[in-house]
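Working notes, structure below.
Values below: every heavy atom of this structure, side chains too, minus hydrogens, waters and symmetry copies. Throughout, residue positions are numbered sequentially from 1 according to the sequence presented. Note that the structure is a prediction, hence the values are computed from the model and not measured.
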Amino acid sequence: MDAIKILKQNDLLRVIDDELDIYLEIPHIAYVEVKKPDSKALLFTNVVDKKSGKKFDTPVLMNIFCSPRAVELLIGDVEQTASRIQELLHMKPPSGFMDKISMFGKLFDLKSVFPKRLSGKGECQQIIKLGDDVNLYDMPVLTTWEQDGGPFITMGQVYTTSLDGKMHNVGMYRLQVYSKNELGLHWQIHKDSNHFFHQYKKAGVKMPVSIGVGGDPMYIWCGQAPLPMGVFELMLYGFIRGENAQLVKSITNDIYIPKDVDFVIEGFVDTTRLEIEGPFGDHTGYYTLEEEYPVLEVTAITSKKSPVFAATVVGKPPLEDKYMGYATERIFLPLLKTTAPDLIDYYMPENGVFHNLILAKMNVSYPGHATQLMHAFWGVGQMSFVKHAIFVDHNSPELKNHTDITKYILNRLHPDNVLITQGVVDALDHSSPKFARGGKLGIDCTGEEIDHLGITLLSDNELLSKMQQISNEVTALRQYETDTKSPICVIKTKKTRNQKYLIEDLKPLYEHIKVLVIVDDAKNDINNPYMLIWRVVNNIDASRDVYITNNIIALDGTNKNNLDNFHRRWPDDVDCTQSVLDSLVERGILNIDQDFRDKFYL
């Protein structure tokens, strides 16, 4: 698939010929572009590394999945794909001759699912560099954020195989460039690649790894698809495309990779060696902390004669993963229903950065049914990383109708229906007291509306005045959804103590409050609910930061420190370098004002 041609034909590609730096400039432009309602893919044709004085012949392609239309063009009709999966999952034995013919046709279509191994070399091996000629710095690898540990490949398709060669995997992990022939492999503890790694480590042998960059965008999307352990993601490519993925053998190891990717980075991992990887400004909108990860010792770099380097940018939402995540959400709904058959639909809001917040609609058959389904969700694959889940009944509004679904939830929110438990959290989560393990919050809003408001509403100014008479920590206040039975009161504080003491001090005002949310005074806009949700679901760990007392639900969404008995290092926000933005605006490459910067916390 010629993605650039397709995007260009559909007016979804912006070509930028200005000289631009791989250090911050190119990623900042892509970061701004994807936040626009009419965002496009970006092709940078004049790419340089100002630090070394190097000019690259290879263009950089970013924001490939720039819109719903781009997803449809590059991946296909996701609803249609979901329907095909649903149909296959519910196939019944044929009852007659015509049923048998119909079933044969459907099964015959599956012949394209399995990847096909070719003999000979592929387009990705038109240029081969080995030994001393291997140099990762010859590729335009981007440094996205000022505090990043170095340049990172952000759209690498990491191909691995189990020790016995029976299972194959492709995952999309960030890859830090350490030197001309060394890459850090950020595969997390729950990933298939990491399971394979431990097989090789136990056997005491080096692990082969090949990394594809570019090619058909479907490879990229398949690399982040949440398939069960042992299912090769390129089978999904064949199912959706209707044609087998065409693979060729790597030059220096036995890993097979798609013949038409733009670059292939080959090598082996010494399983006895780990190196510090990071920090990196990730899709949570925070820097993920330094951790030890395996290192790929690169033995070969191959490419097309005229390759394009594909990359993405991550940080605060909205991002490109908004559109990629939508396709994943729709296509995998039928598979999720096999574990949770009472599930009707689910939605992972982009400002919840997917694993921090999920809304789910279900058919309720008996008391406690929603709680049961919460546990089912937290036990299924990547759903196990979800921190906060809100369940509603079949008669609720559409989950993506933010206005109506919010009112529906707040009219049914009751402290008795709040579940707090613990489990696995994403390795990127920074708010949990321990790495990869933390609190879970489930809210059952499947019942009838609660009977009474039970409070006396005050104006924002009056309530703020009363709070400030109690504590000078409180600097600002705004109430949301005051026409529901559970209004939300958001306050900003200059934190000098654990906020549980402030929550306790505010008890005299509980007759005016149903839901209290606390955020730091610094770097938060109390009038920006989109980013407030991003902040709060990132910053709370339910086992520590949710307080329920006197029918009041309070959430401490502040940054945690020693005042909270928090012993991990709290990371910084991912922020643009303002001087870089200023320079790009002055040169006419970006057109943004201060309101845009403030809206998205740039």
Indicate whether the side chain of Thr143 and that of Asp148 have a donor and an acceptor atom separated by less than 3.5 Å. no
With side chain to side chain contact (heavy atoms under 4.5 Å, CB included) as the criterion, how do Val537 and Lys387 come out once you've worked through the C-alpha distance, each side chain's angles and the decisive distance to 0.1 Å? CA-CA 8 Å; Val537 297; Lys387 288 174 63 177; over 6 Å; no
Any chance the side chains of Tyr530 and His402 put a donor and an acceptor closer than 3.5 Å? no
Enclosure of Asn591 CG (heavy-atom neighbours >12, cutoff 6.0 Å): no
Do we see a donor-acceptor contact under 3.5 Å between the side chains of Thr328 and Trp221? yes
Which pairs with one or both residues in residues 287-332 pass ring pair (Phe, Tyr, Trp, His ring centres under 6.0 Å), sequence neighbours excluded? His186-Tyr293
Just by distance, no angles: are the side chains of Tyr23 and Glu25 close enough, under 3.5 Å, to form a donor-acceptor pair? no
Quick one: do the Thr284 and Asp282 side chains pair a donor with an acceptor below 3.5 Å? no
Quick check: do Leu61 and Leu42 have side-chain heavy atoms less than 4.5 Å from each other? no
Those residues at least two apart in sequence (or on a different chain) that pass side-chain hydrogen bond (donor to acceptor under 3.5 Å, both in side chains) with Glu146 are Thr577
Residue that, paired with Asp345, satisfies salt bridge (charged side-chain N to carboxylate O under 4.0 Å, His left out) out of Lys337, Lys400, Arg330: Arg330
Do Glu233 and Asn169 pair up side chain to side chain, a donor and an acceptor below 3.5 Å, judged on atom types alone? yes
Looking at Gly214, is its backbone amide N or carbonyl O close enough to the side chain of Gln157 to form a donor-acceptor pair, meaning the two atoms are under 3.5 Å apart? yes
Taking C-beta and beyond as the side chain, do Thr161 and Met167 meet within less than 4.5 Å on heavy atoms? no
Given side chains that start at C-beta, do those of Asn244 and Pro115 come closer than 4.5 Å, heavy atoms only? no
Testing the 3.5 Å rule here: is there a donor-acceptor pair between the side chains of Glu297 and Asn181? no
Salt bridge (Lys or Arg N to Asp or Glu O under 4.0 Å) partners for Lys121, two or more places apart: none
Tell me whether the rings of Tyr219 and Tyr237 are parallel (<30°), tilted (30 to 60°) or perpendicular (>60°). parallel
Name all residues meeting the ring pair (Phe, Tyr, Trp, His ring centres under 6.0 Å) criterion together with Phe152; count only those two or more places apart in sequence or in a different chain, and write none if there are none. Phe280
Is it the case that Asn253 and Ser210 place a side-chain donor and acceptor less than 3.5 Å from each other? yes
Test side-chain hydrogen bond (donor to acceptor under 3.5 Å, both in side chains) on Glu266 and Thr302 and set out the steps. CA-CA 8 Å; Glu266 306 174 12; Thr302 73; 4.6 Å; no
Is it the case that the side chain of Ser583 and the backbone of Val580 share a donor-acceptor pair, with hydrogens and angles ignored and the cut-off at 3.5 Å? no
Run the ring-centre check on Phe600 versus Trp534 and record whether the distance is less than 6.0 Å. no
N/O donor-acceptor pair under 3.5 Å between Trp187 side chain and Ser193 backbone: no
With His198, which residues qualify under side-chain hydrogen bond (donor to acceptor under 3.5 Å, both in side chains), at least two apart? none
Can we say Lys249 and Asp254 salt-bridge, meaning some charged N sits less than 4.0 Å from an Asp/Glu carboxylate O? yes
Answer yes or no: is there a donor N or O on one side and an acceptor on the other, between the side chain of Ser39 and the main chain of Cys66, under 3.5 Å? yes
Hey, are Asn356 and Asn538 close enough side-chain-wise for a donor-acceptor pair under 3.5 Å? yes
For the pair Asp262 (side chain) and Gly215 (backbone), establish whether a donor and an acceptor sit closer than 3.5 Å, ignoring hydrogens and angles. yes
Kindly check if the number of other-residue, nucleotide or ligand heavy atoms within 6.0 Å of OH (Tyr137) is above 12? yes
Using a 3.5 Å distance criterion without hydrogens, assess whether the side chain of Asp429 forms a donor-acceptor pair with backbone atoms of Val425. no
Give a yes or no answer on whether the side chain of Asp77 reaches the backbone of Gln80 with a donor-acceptor pair at less than 3.5 Å. yes
Check this for me, if you would: do Lys51 and Asp21 make a salt bridge, where the nitrogen-to-carboxylate-oxygen distance has to be below 4.0 angstrom? no
Mind checking what makes side-chain hydrogen bond (donor to acceptor under 3.5 Å, both in side chains) contact with Glu275, not counting sequence neighbours? Arg273
Ring pair (Phe, Tyr, Trp, His ring centres under 6.0 Å) partners of Phe263, counting only residues at least two apart: none
For the side chain of Gln176 and the backbone of Gly149, is there at least one donor-acceptor N/O pair under 3.5 Å apart? yes
Can you tell me if Gln578 and Asp582 form a side-chain donor-acceptor pair at under 3.5 Å? no
Do NZ/NE/NH1/NH2 and the carboxylate oxygens of Glu33 and Arg14 come within less than 4.0 Å? yes
Run the side-chain donor-acceptor check on residues 310-319: report pairs under 3.5 Å with partners two or more places apart or on a different chain.
{"residue": "Thr312", "atom": "OG1", "partner": "Glu320", "partner atom": "OE1", "Å": "2.7"}
{"residue": "Lys316", "atom": "NZ", "partner": "Val574", "partner atom": "O", "Å": "3.3"}
{"residue": "Lys316", "atom": "NZ", "partner": "Asp575", "partner atom": "OD1", "Å": "2.7"}
{"residue": "Lys316", "atom": "NZ", "partner": "Tyr601", "partner atom": "O", "Å": "2.7"}

Decide yes or no for Phe196 and Gln199: does some side-chain heavy atom of the first lie under 4.5 Å from some side-chain heavy atom of the second? yes
Contacts of Glu277 meeting salt bridge (Lys or Arg N to Asp or Glu O under 4.0 Å) (sequence neighbours excluded), chain-then-number -> Arg174
Lys35: salt bridge (Lys or Arg N to Asp or Glu O under 4.0 Å) partners, not counting sequence neighbours: none
Got a sec, which residues hit side-chain hydrogen bond (donor to acceptor under 3.5 Å, both in side chains) with His195, two or more places apart in sequence or on another chain? none
Tell me, please, which residues at least two apart from Asp426 pass salt bridge (Lys or Arg N to Asp or Glu O under 4.0 Å). none
Indicate whether the side chain of Tyr256 and that of Ser250 have a donor and an acceptor atom separated by less than 3.5 Å. no
Flag side-chain contact, heavy atom, 4.5 Å: Ile358 against Met383: yes
Ile211 and Val264, any side-chain heavy atoms less than 4.5 Å apart: no
In sequence, state the C-alpha distance, the side-chain angles, and the governing distance for Asp132 and Lys180, and then conclude on salt bridge (charged side-chain N to carboxylate O under 4.0 Å, His left out). CA-CA 9 Å; Asp132 290 340; Lys180 66 190 291 287; 5.5 Å; no
Flag if over 12 foreign heavy atoms under 6.0 Å of CG, Asp593: yes
Are a donor atom and an acceptor atom from the side chains of His388 and His355 found within less than 3.5 Å of each other? no
For Lys259, is the NZ atom crowded, meaning more than 12 foreign heavy atoms sit under 6.0 Å from it? no
Run Leu175 and Leu185 through side chain to side chain contact (heavy atoms under 4.5 Å, CB included) and show every step you take. CA-CA 5 Å; Leu175 307 160; Leu185 299 172; 3.4 Å; yes
Flag the pair Leu247 / Ile257 as yes when at least one side-chain heavy-atom distance between them is below 4.5 Å, and no otherwise. no
Heavy-atom side-chain contact between Pro294 and Leu274 under 4.5 Å: yes
